[in-house]
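Working notes, structure below.
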Amino acid sequence: MGEQNKVFIGDTTLRDGEQTAGVVFNAREKIAIARHLDEMGVHELECGIPAMGEEERESIRALVDLGLSARLITWNRALVTDIEASIACGIEAVDISLSVSDIMIEHKINKSRDWVQEQLKRALGFAKGKGLYVCVGGEDASRADGDFLVELMRTARDHGADRFRFCDTLGILDPFAMHEKVARLNAAVPELEIEVHAHNDLGLATANALAGVRGGARYISTTVNGLGERAGNAALEEVVMALKVACGIDVGIDTRRFRAVSRLVGRASNREVPAWKAVVGEKVFSHESGLHADGVLKDPRNYELFPPEEVGLTRHIVAGKHSGTNGIVESYRQIGIPISRDEAQELMAQVRSTAQRIKGPLAAKDLLKLHQARTVSLAA
Ligand SMILES: CC(=O)SCCNC(=O)CCNC(=O)[C@H](O)C(C)(C)COP(=O)(O)OP(=O)(O)OC[C@H]1O[C@@H](n2cnc3c(N)ncnc32)[C@H](O)[C@@H]1OP(=O)(O)O
Ligand SMILES: O=C(O)CCC(=O)C(=O)O
């Protein structure tokens with residue numbers, strides 16, 4: 001880790017993902033998710049909160065025992081006792097979190113900016129004294145005073161922190177503001193790497209994560225399927241594919257396993273993945289509309305950003321209300337019935353009215369029925 005100009009993924013499915021109200025992973029699920037992400041080449045896994053108690057610590061120790069290539073990191077309050085609990089799990093990297101906005105400093109932790117600075121020094125000093133890799137988590141950094149953040153990052157840098165996590169805890173930023181804030185911090189404290197941790201309350205988490213990278217962040221927090229507090233976090237699969245397709249940045253992760261890991265986390269979190277979910281939804285490579293099906297059949301690049309196999313999905317040409325001739329020919333070909341364009345044109349009205357009646361796409365049996373009826377009427 002740490003190569004020049006590389007972007008790293010710090011996946012927090014097992015920490016912030018599991019913080020989603022009502023979500024619980026058992027130890028077996030945690031291991032399966034961690035193994036999967038590790039085998040895909042995800043660089044870092046935030047894997048739990050040792051201060052929560054013995055059961056959580058046991059599950060973290062089990063992950064440590066796997067000997068994964070990914071760096072395992074735990075979430076900690078800025079308390080020596082939390083960090084000791086992480087060390088007791090065999091963990092070598094910690095996130096030390098502090099609330100940094102005035103609203104949270106005054107109305108949540110009931111302290112002062114000075115207290116935050118001093119507590120950071122204490123906790124960071126302790127962690128570095130134990131030889132740990134330390135990310136300083138700035139909770140609610142997006143609402144914090146900019147000058148105070150710079151001061152805090154300088155303190156973190158001077159006391160040996162390895163990176164600073166800029167958290168848009170409430171998901172209030174737009175990508176322009178995210179870019180501006182991260183760029184400012186990066187210019188003021190260039191020695192400290194920045195991670196961007198974006199929430200999706202306004203549906204902007206992925207866009208904000210990318211804006212953070214454009215502003216100079218080297219690490220991105222993600223979760224599989226965008227699982228996470230409230231409306232979730234920046235989705236791993238969206239961030240990685242958007243970096244690749246929209247920004248030309250390949251983070252070196254095996255994207256062909258996105259569908260599999262998405263379904264695994266979907267089941268374990270009891271949060272089914274919507275069919276239209278960007279990148280991993282079951283139907284995001286389904287084409288029904290006449291012009292789209294025609295375009296895809298001629299060359300998939302007409303309507304697909306990348307081949308479905310690249311994320312573990314498959315392409316479907318669907319016969320339905322909006323189908324055109326070429327799509328209908330293809331739908332019949334898929335069920336082993338070769339038909340001509342003329343036949344497809346003749347069947348089109350019935351394909352449309354069947355779709356209208358059943359309020360959905362035609363299954364193989366519906367297509368077969370229409371074809372048989374046409375054959376019978378021609379023979380009569
Ligand atoms: C934005 C985020 O996602 S941060 C991650 C949050 N994750 C979680 O809360 C999930 C796991 N949490 C837990 O199991 C528990 O909340 C624990 C073990 C961390 C703490 O439990 P408890 O000691 O029972 O306290 P409680 O849950 O009520 O937490 C609030 C306390 O933590 C303090 N606190 C909050 N953030 C921090 C921080 N970064 N550093 C130090 N103390 C903090 C609060 O001021 C409050 O202290 P007070 O009771 O003296 O006023
Ligand atoms: O403080 C951190 O490191 C992370 C906190 C977090 O999950 C958030 O602010 O959304």
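Computed from a predicted model, the values in this text were never measured in an experiment. In this chain, numbering begins with 1 at the start of the sequence shown. For ligands, and for the atoms within them, numbers begin at 1 and follow the listed sequence.
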How close does the nearest protein non-hydrogen atom get to atom 10 (C) of ligand 1, and which residue and atom is it? Ile49 CD1, 3.6 Å

With heavy-atom distances below 4.0 Å as the criterion, list the atoms of ligand 2 near His197. 6 (C), 7 (O), 8 (C), 10 (O)

Specify the protein heavy atom at minimum distance from atom 7 (O) of ligand 2: its residue, its atom name, and the distance to 0.1 Å. Arg15 NH2, 2.9 Å

At a non-hydrogen distance cut-off of under 4.0 Å, which region of Glu229 contacts ligand 2 (side chain, backbone, both, or neither)? neither

Which residue and non-hydrogen atom of the protein lie closest to atom 1 (O) of ligand 2, and at what distance in Å? Ser97 OG, 2.6 Å

Atom 9 (O) of ligand 2 - nearest protein heavy atom and its distance: Thr169 OG1, 2.6 Å

Can His292 and Asn302 be counted as having a side-chain donor-acceptor contact under 3.5 angstrom? no

Check if Lys111 has a non-hydrogen atom at a distance under 4.0 Å from any atom of ligand 1. no

Taking Arg143 first and then Asp102, would you say they form a salt bridge - that is, a charged N and a carboxylate O separated by under 4.0 Å? no

Please determine whether a side-chain nitrogen of the Lys or Arg among Glu139 and Arg165 lies less than 4.0 Å from a carboxylate oxygen of the Asp or Glu. no

As an exercise, identify every atom of ligand 2 less than 4.0 angstrom from a heavy atom of His199. 10 (O)

Nearest neighbour in protein (non-hydrogen) for atom 3 (O) of ligand 2: Asp95 OD2, 2.6 Å

for atom 23 (O) of ligand 1, nearest protein heavy atom and its distance come out as Arg77 NH1, 3.7 Å

